[in-house]
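Worksheet: the structure to be examined is printed underneath.
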There are 2 protein chains.
Amino acid sequence: MLTERQLLILQVIIDDFIESAHPVGSRAIAKKEVIPYSAATIRNEMADLEDLGFLEKTHSSSGRIPSEKGYRYYVDHLISPNILHQEGNVIKHMIQDGFFEFEQIVQMSAEVLSKLTNYTSIILGPEIFETKLKQIQIIPLSVSTAVAILVTNTGHVEHRAFSIPEEIDSSDLEKMVNILNDQLHGVPILQLAEKFNAGIEAMMQKYVSDLNNSYQHLKGAFLQDHPVKLYIGGKSNMLMQPEFNDVDKIRAFYTMIENEDEIVNLLKQSSEGIKVSIGQENDVAAIKDLSLITAAYHLGEGQMGTIALLGPTRMEYRKVISLLSILSNEMTDVLYTRYKDED
Amino acid sequence: MLTERQLLILQVIIDDFIESAHPVGSRAIAKKEVIPYSAATIRNEMADLEDLGFLEKTHSSSGRIPSEKGYRYYVDHLISPNILHQEGNVIKHMIQDGFFEFEQIVQMSAEVLSKLTNYTSIILGPEIFETKLKQIQIIPLSVSTAVAILVTNTGHVEHRAFSIPEEIDSSDLEKMVNILNDQLHGVPILQLAEKFNAGIEAMMQKYVSDLNNSYQHLKGAFLQDHPVKLYIGGKSNMLMQPEFNDVDKIRAFYTMIENEDEIVNLLKQSSEGIKVSIGQENDVAAIKDLSLITAAYHLGEGQMGTIALLGPTRMEYRKVISLLSILSNEMTDVLYTRYKDED
DNA sequence: GTTAGCACTCATTGCTTTCGAGTGCTAATG
DNA sequence: CATTAGCACTCGAAAGCAATGAGTGCTAAC
């Protein structure tokens with residue numbers, strides 16, 4: 001168990017390093033106001049903290065830097081979530097004001113988050129599957145092409161152009177759309193495929209004269225993959241971090257960040273609440289020298305997505321955790337009141 | 001005027017440098033099969049070419065690299081557009097096959113282009129203003145919100161959520177939409193605002209009982225800015241170029257490439273055909289050590305947009321020019337046949 | 001238990017030296 | 001007279017080396 005003094009010193013060292021990015025030496029610590037001990041005392045404590053695995057040296061006569069274990073302890077025990085009135089208000093205003101489309105909120109959030117922190121923000125979702133179908137439209141473009149439009153209760157709009165057989169007649173098309181809207185209104189997007197394959201085709205046959213393969217086209221248009229939306233903000237913020245002063249590291253980072261699949265997988269496993277993964281704690285090899293903080297946001301009961309911040313292990317954990325917690329709560333809030341009791 | 005031999009040597013030097021990125025010396029040139037002269041002769045010619053401004057030295061005893069004037073001469077006189085059967089087919093297939101929406105074509109083009117070249121591709125457009133309105137839809141989400149959807153003849157879909165006064169009744173909304181579709185079908189997007197402000201409001205007053213401010217909301221939803229769409233592919237390709245072996249250059253590049261406004265301005269001034277801007281020839285300071293190749297593509301008569309490739313001045317001009325020319329022709333072709341005679 | 005003092009370590013910086021690729025010039029050559 | 005061989009010279013890059021200084025660990029004194 002760590003003594004009070006050790007806790008204090010560990011905290012001061014980590015705070016200092018997070019700010020300066022330079023290994024911190026005993027003299028610098030001893031000079032701080034909160035530290036009433038001499039450099040020599042600090043040196044002894046630092047040596048102990050190193051033995052315990054919380055600190056490291058970059059070389060035998062350098063100052064100390066936090067180890068990953070040190071950061072872990074810091075995150076778990078040493079940071080009291082500080083209140084960010086300023087930033088909190090920015091976020092609240094942004095989210096409450098004037099936006100009606102989910103995607104705008106999300107996109108904007110990613111940008112604000114990366115601006116406030118100078119790290120890279122990643123937002124996953126909304127998981128469209130948990131939203132419900134509001135309405136379907138088909139708009140003919142020419143004799144052989146049309147665009148299918150699908151609107152969800154969250155104001156999300158998907159569209160896709162598709163080809164239609166020339167024979168089909170516009171009143172038939174209209175009938176089909178009517179039947180679809182009738183049958184599918186309020187159905188979760190997740191279950192669309194199911195419903196499409198269930199009774200709808202048979203039902204259409206009754207009303208639409210020459211069904212042939214137009215139903216297949218239509219089905220194809222609506223059952224396109226709904227790709228998981230990924231918003232990344234502040235990719236180039238990393239370039240400003242001193243740990244990215246090396247071209248190879250930059251290359252590695254950009255190679256990783258542009259591989260969307262990997263990132264989606266990374267965030268998908270995220271759980272309830274706020275989760276901090278420091279360096280090696282990350283499963284994905286490409287970010288084993290970075291830290292990832294994730295927070296889930298919700299729509300009603302179903303989890304909908306994840307907000308994350310990616311930065312160096314030397315991260316402003318306190319600030320980032322506060323911001324993420326504010327933002328995820330706000331998003332959950334807005335989403336809940338806005339879309340919950342409408343169908 | 002350059003002699004035949006000087007032309008040959010200049011060409012070989014530039015080709016070599018484009019490939020290797022290293023200053024090329026007289027010995028290396030003399031060894032090439034096409035060169036029947038000794039290194040000493042080459043040295044003399046190189047000195048002359050340097051005096052003429054086509055070559056430069058990086059330091060007094062280094063090999064030569066092309067000057068910007070050298071590249072300019074090379075582009076204007078020394079490259080015969082080579083035939084890229086392989087890549088040309090890739091592009092043709094990609095564009096002709098299976099895509100119905102303009103944006104997909106454009107996006108895909110940007111990606112293919114950057115993959116084929118290893119430079120950064122930028123595609124501007126389509127200039128939505130030159131396309132025509134196909135249909136308008138309004139889909140209520142809740143008592144107080146709705147989403148407005150606008151479809152153009154190119155299959156482009158814009159949508160925006162907006163708030164509606166609670167009093168308005170859904171049959172009125174329907175009437176309004178009907179009137180709008182009636183009046184606005186086939187109208188170029190550019191003229192939408194004009195039409196909206198002209199007779200439409202008066203006309204609506206006749207049919208819709210309680211118009212109050214719902215028309216204003218509606219107008220607002222449809223007259224949103226239609227932002228110029230910008231597609232950038234292969235941003236991180238630059239990291240692989242040896243001229244970006246320096247963190248500062250990388251920072252400068254990313255700062256520039258993420259400033260979309262500047263890029264839009266850069267490409268907007270582009271003219272007919274293919275245009276090559278080498279280094280200092282560029283108006284924008286941020287790319288004065290890069291080269292930019294732009295090509296216009298069209299829909300019918302109206303110019304619609306610009307495809308561009310951005311790379312180091314040491315660029316594979318021959319390949320890039322061929323690719324851009326193929327791609328812009330294909331795009332123009334597809335767009336013309338697909339959307340021209342439908343309205 | 002705390003601290004002052006001191007020898008020791010090691011990254012960083014700046015200075016030389018060496019090495020080699022490449023040049024420019026001169027003189028020889030067909 | 002154009003071409004080429006030969007050679008001294010230049011300069012960047014890499015390697016070696018000493019000086020500097022921030023920081024440590026340890027011991028002895030308070």
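Each chain gets a letter, A, B and so on, in the order the sequences are listed, and its residues count up from 1.
Counted by atom type alone, S325(B) and S322(B) present zero donor-acceptor pairs between their side chains at under 3.5 Å. For the residue pair S236(A) / E258(B), a side-chain donor-acceptor distance below 3.5 Å is found, with atom types taken as modelled.
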Using a cutoff of under 3.5 Å, can you pull out all pairs of nitrogen or oxygen atoms linking the protein to nucleotides 10-12 of chain C, with atom names and distances?
residue, atom, partner, partner atom, Å
dC10(C), OP1, S60(A), OG, 3.0
dC10(C), O5', S60(A), OG, 3.4
dC10(C), O4', S61(A), OG, 3.3

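At the heavy-atom level, S62(A) lies under 4.0 Å from the strands shown only through sugar-phosphate atoms.
By the ring pair (Phe, Tyr, Trp, His ring centres under 6.0 Å) test, Y317(A) pairs with Y71(A), sequence neighbours left out.
Rounded to whole Å, atom C1' of dG22(C) lies 9 Å from atom CZ of R64(B). Look at CE on M46(B): it is 9 Å from P on dG22(C), rounded to the nearest Å. Atom pair K31(B):NZ and dG22(C):C1' shows a separation of 12 Å (rounding to whole Å applied). Across the protein-nucleic acid pair, I42(B) atom CD1 and dA21(C) atom C1' stand 17 Å apart, rounded to whole Å.
No side-chain donor-acceptor contact under 3.5 Å links D289(B) to the backbone of T313(B).
The residues R64(A) and E50(A) are annotated as salt-bridged, a charged nitrogen and a carboxylate oxygen being separated by less than 4.0 angstrom. Electrostatic pairing of R72(B) and E281(B) counts as a salt bridge here, judged by a charged N lying under 4.0 Å from a carboxylate O. Comment: E45(A) engages R5(A) in a salt bridge, judged by a side-chain N to carboxylate O separation of less than 4.0 angstrom. The residues D283(A) and K288(A) are annotated as not salt-bridged, no charged nitrogen and carboxylate oxygen being separated by less than 4.0 angstrom.
With a heavy-atom cut-off of 4.0 Å to chain B, the contacted part of DNA chain D has its first and last nucleotide at dT3(D) to dG12(D).
Projected onto DNA chain D by closest heavy-atom contact, P23(A) and N44(A) fall at different nucleotides, the more 5' of which corresponds to P23(A).
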